[in-house]
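Here's the structure, in structure tokens; my notes come after.
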Amino acid sequence: MTEDDASVRSRARRLGIHWRGHLFLFEKKSEPAYDASAGLRLLLIVFALEGVIGPRLSLLSWLQLPLPPFWLRVPILLGFALLLIRFVGGVPLFQIGFRPWREWSRTEKSYFVQVLLMANVVFSILFAGRFRENLSGPSALGHVCAAVLANFLWGFHQEVVYRGVLQTELVRRWGPPAGILVSNCLYTFGPLHFYHFSHTSPALPMFAAIFTIGLFFAVLFRRSGNLWIVATLHGIGNSYIVGTLQS
């Protein structure tokens, strides 16, 4: 155990389990055990998903093929990504942070429940007006539910690709500082958000917000090793912020 690890554990012991997660004082997890060839396949999967197929299935548009609706496109992308990771990358999903609930520490469970409740309460208050407006029309409930669920899965998909796969592999190769920084830069300025350069004016505040939020998720994932937590939080944010605009 290094001096830094001992210091973290000492601080964690002095705090109650319900506070540790908010300071990123999660119990240390073992590093991914897959080999270099699997890591290379994971990077190729990210390149295929984001650079070739496109995060929004832009390949179909280039081939002049019809795009499936958003509510169908997102589950397809997420399912395809998970299948590629498991069967092409050859990496079990727990290696990228999808550990079962029974293996979570008490700190992880407490933090997850707390932020789940807090995020829903805060966002429900902030976006109450949008929900009232969206639910005022005919068949509104179905449209709202479809938009919220699709955007939840869209945030979940982003975390699988950029934190679960890309960050995990770059950290394994280059260490935490470089791995986190490079993966978050690709998340911010890469194919996923590149359209802000031409569609958002001014673009700088948008990219600053994306980078900051992405960095929070990156550090939370690195410290907790739990992709369920960061993917769920990202999905909740997407559901309220974007989903209420689309419904």
Side-chain angles (χ1 to χ4, degrees), residues 21 24 26 29 32 34 39 42-43 45-51 53-57 70 73-86 89 91-101 103-104 108-109 111-116 118-120 123 148-172 176 179-194 207 209-243:
F24 295 163
F26 296 95
K29 306 297 188 301
Y34 60 80
L42 290 179
L43 293 181
I45 287 170
V46 174
F47 175 74
L49 289 171
E50 299 293 286
I53 298 172
R56 295 167 181 82
L57 293 181
F70 181 70
R73 185 164 71 241
V74 174
I76 290 174
L77 280 169
L78 176 58
F80 187 50
L82 294 174
L83 288 173
L84 287 176
I85 294 164
R86 183 64 190 93
V91 175
L93 297 182
F94 73 85
Q95 292 277 8
I96 64 166
F98 280 135
R99 292 180 288 106
W101 176 265
E103 295 181 6
W104 292 24
E108 290 171 84
K109 291 177 179 178
Y111 178 77
F112 179 73
V113 172
Q114 288 180 71
V115 295
L116 190 66
M118 288 188 292
N120 278 291
F123 280 129
V148 167
L149 178 59
N151 278 282
F152 176 86
L153 294 178
W154 180 229
F156 207 95
H157 171 76
Q158 293 174 41
E159 292 306 310
V160 168
V161 174
Y162 283 94
R163 249 65 73 176
V165 179
L166 185 61
Q167 178 178 313
T168 295
E169 175 54 18
L170 294 186
V171 166
R172 189 189 71 83
I180 288 174
L181 180 61
V182 173
S183 60
N184 198 44
C185 284
L186 290 172
Y187 167 75
T188 304
F189 303 108
L192 182 62
H193 296 118
F194 190 82
F207 282 119
I210 293 170
F211 184 87
T212 302
I213 295 169
L215 187 61
F216 168 77
F217 286 138
V219 174
L220 175 58
F221 177 56
R222 174 60 189 169
R223 297 295 299 180
S224 69
N226 193 320
L227 192 58
W228 288 111
I229 294 177
V230 293
T232 300
L233 289 181
H234 193 154
I236 290 172
N238 260 33
S239 296
Y240 284 96
I241 297 170
V242 184

Quick check: closest heavy atoms across [X] and [Y], and the distance to 0.1 Å?
X: Leu192; Y: Gln158; result: CD2-OE1, 3.4 Å
X: His157; Y: Ala81; result: CE1-CB, 3.9 Å
X: Pro191; Y: Pro55; result: O-CG, 3.7 Å

For Ser183, which of Val165, Val46, Leu170 qualifies under side-chain contact (heavy atoms from CB on, under 4.5 Å)? Leu170
Once the angle between the rings of Phe112 and Trp101 is folded into 0 to 90°, is it parallel (under 30°), tilted (30 to 60°) or perpendicular (over 60°)? perpendicular
Whether Phe26 and Phe24 hold their rings parallel, tilted or perpendicular, with breakpoints at 30° and 60°: parallel
Answer whether the closest heavy-atom distance between the side chains of [X] and [Y] falls below 4.5 Å.
X: Tyr34; Y: Arg172; result: yes
X: Trp104; Y: Ile229; result: yes
X: Val219; Y: Arg223; result: yes
X: Leu42; Y: Thr168; result: no
X: Ile236; Y: Phe152; result: yes
X: Tyr111; Y: Asn226; result: no
X: Asn120; Y: Tyr240; result: yes
X: Leu93; Y: Arg99; result: no

Just wondering, more than 12 heavy atoms not from Phe80 lying within 6.0 Å of its CZ? no
Under 6.0 Å from the CZ atom of Phe194, do we count more than 12 heavy atoms belonging to anything else shown? no
Please report the C-alpha distance between Gln167 and Tyr187 in whole Å, then the side-chain angles of each, then the deciding distance to 0.1 Å, and finally whether the side chain to side chain donor-acceptor pair (under 3.5 Å) criterion is met. CA-CA 10 Å; Gln167 178 178 313; Tyr187 167 75; over 6 Å; no
Taken to the nearest 0.5 Å, the spacing of Ile85 CD1 from Ile45 CD1 works out to 6.0 Å
Separation between CE (Met118) and CZ (Phe123), nearest 0.5 Å, reads 11.5 Å
Main chain of Phe211, side chain of Asn184: is a donor-acceptor contact present, judged purely on distance under 3.5 Å? yes
Passes side chain to side chain contact (heavy atoms under 4.5 Å, CB included), Leu233 versus Leu220? Steps please. CA-CA 11 Å; Leu233 289 181; Leu220 175 58; 3.9 Å; yes
Between Glu50 and Leu186, is the side chain to side chain contact (heavy atoms under 4.5 Å, CB included) condition met? List the steps. CA-CA 10 Å; Glu50 299 293 286; Leu186 290 172; over 6 Å; no
Pair Ile210, Phe189 - check side chain to side chain contact (heavy atoms under 4.5 Å, CB included), show working. CA-CA 9 Å; Ile210 293 170; Phe189 303 108; over 6 Å; no
